[in-house]
Amino acid sequence: MLDAENPLAFLEEIGVPTEQSLHADQTFSYRLPIYVGDRLTFNARVVDIFQRKGGLLTFVIQDVEVLNQDNQLVAEIRRTLVVKQKALPSA
Amino acid sequence: MTNPSLQIEQSFPPITRTTLALYAGASGDINPVHIDLDAARAAGFDDVFAQGMLVMAYMARAITGSVPPHCLRSFTSRFAAITHLGDVLTCSGSGGQLYEENGERRVAIDLQMKNQHGEVKLVGRAVCAFGQGS
């Protein structure tokens with residue numbers, strides 16, 4: 001996924017300037033070994049968005065499942081990004 | 001890995017602008033606040049600062065220095081504070097009680113990454129399988 005030209009493009013697509021976002025937490029779960037020659041597919045989706053501190057902070061949770069060429073789940077990734085509310089265009 | 005009372009302790013070189021530039025290129029994290037002083041100031045920071053994932057990567061290196069990588073089942077971390085230029089990071093951690101999960105014995109290692117002033121930058125937990133030919 002980090003091979004992407006802009007790994008944070010999804011933030012820009014939902015209107016968040018990358019400079020205003022901070023990484024809150026990150027989790028990797030390793031399900032199966034990954035071998036040289038494997039072809040991996042990363043399926044990412046935003047699973048939750050919520051606000052804290054009276055709306056000053058917006059949290060965006062993204063889940064990524066990583067599948068190999070045999071469609072086996074080899075890893076799961078979750079990251080939480082926090083965005084300062086003033087950065088949101090609708091604020 | 002045969003000792004459940006696993007202890008981890010590792011220090012890393014001071015964070016420099018070069019470190020941040022190299023990690024930006026290597027990781028693909030192109031957020032300019034980590035490498036461009038103008039962008040950092042425009043976003044309200046005094047200077048560039050370390051990518052969170054760089055600090056997590058140092059923590060991962062400390063873990064895999066003590067635990068064979070194939071034993072690692074999960075690795076999670078919370079970014080507690082910003083890591084600044086010049087910070088000297090030290091990772092320390094210790095394993096807890098063994099428990100059974102998915103038909104194997106596992107241990108959770110709780111870790112902290114602190115700078116030279118004892119400020120906690122990253123709080124992490126790694127779950128490792130025990131007795132995997134290690």
Side-chain angles (χ1 to χ4, degrees), chain A residues 1-14 16-36 38 40 42 44 47 52 56-57 59-66 68 72-88 91, chain B residues 23-45 48-57 59-60 63-64 67-83 101-102 104 106 113 121-129 132-133:
Chain A
M1 193 168 67
L2 287 174
D3 284 343
E5 204 165 299
N6 181 3
L8 295 172
F10 86 96
L11 279 179
E12 291 169 12
E13 285 167 13
I14 60 175
V16 176
T18 52
E19 297 84 7
Q20 296 295 337
S21 72
L22 288 172
H23 207 158
D25 63 52
Q26 177 82 34
T27 296
F28 298 95
S29 298
Y30 309 103
R31 304 300 184 200
L32 287 173
I34 297 166
Y35 299 100
V36 172
D38 280 359
L40 303 178
F42 289 66
V47 293
R52 288 287 182 272
L56 283 176
L57 301 174
F59 289 78
V60 180
I61 298 181
Q62 184 191 48
D63 277 356
V64 183
E65 60 171 19
V66 186
N68 67 13
Q72 295 171 306
L73 182 68
V74 294
E76 290 167 284
I77 305 168
R78 165 169 286 198
R79 63 173 168 177
T80 304
L81 298 162
V82 58
V83 186
K84 294 178 205 168
Q85 185 64 20
K86 64 175 181 178
L88 292 178
Chain B
Y23 185 75
S27 68
D29 180 350
I30 50 146
N31 191 338
V33 297
H34 302 300
I35 46 177
D36 183 332
L37 178 58
D38 298 336
R41 285 185 175 158
F45 300 96
V48 296
F49 56 96
Q51 298 90 349
M53 292 301 287
L54 170 64
V55 183
M56 190 173 184
M59 184 174 276
I63 295 165
T64 56
V67 174
H70 70 276
C71 296
L72 201 54
R73 293 294 177 263
S74 68
F75 178 30
T76 185
S77 75
R78 178 174 58 81
F79 301 96
I82 284 174
T83 298
E101 191 173 42
N102 279 15
E104 60 184 12
R106 295 182 173 180
M113 187 74 83
K121 301 300 187 181
L122 190 69
V123 179
R125 171 171 280 199
V127 172
C128 305
Q132 297 289 307

Tell me if the CZ atom of A/Arg31 is crowded by more than 12 foreign heavy atoms within 6.0 Å. yes

With rounding to the nearest 0.5 Å, note down the distance linking CZ in A/Phe28 to OG in B/Ser74. 11.5 Å

Out of curiosity, A/Leu22 CG to B/Phe45 CZ, how far, rounded to the nearest 0.5 Å? 5.0 Å

Can you tell me how far CG of B/Asn31 sits from NE2 of A/His23, rounded to the nearest 0.5 angstrom? 11.5 Å

If you tally heavy-atom pairs under 4.5 Å against chain A, which of B/Gly52, B/Ser77, B/Gly124 wins? B/Ser77

Return the CG to CE distance between A/Asp25 and B/Met56, rounded to the nearest 0.5 Å. 9.0 Å

Counting only heavy atoms not in B/Arg125, do more than 12 sit closer than 6.0 Å to its CZ atom? no

Can you tell me how far apart CD (A/Gln26) and CE (B/Met53) are? Round to the nearest 0.5 Å. 4.0 Å

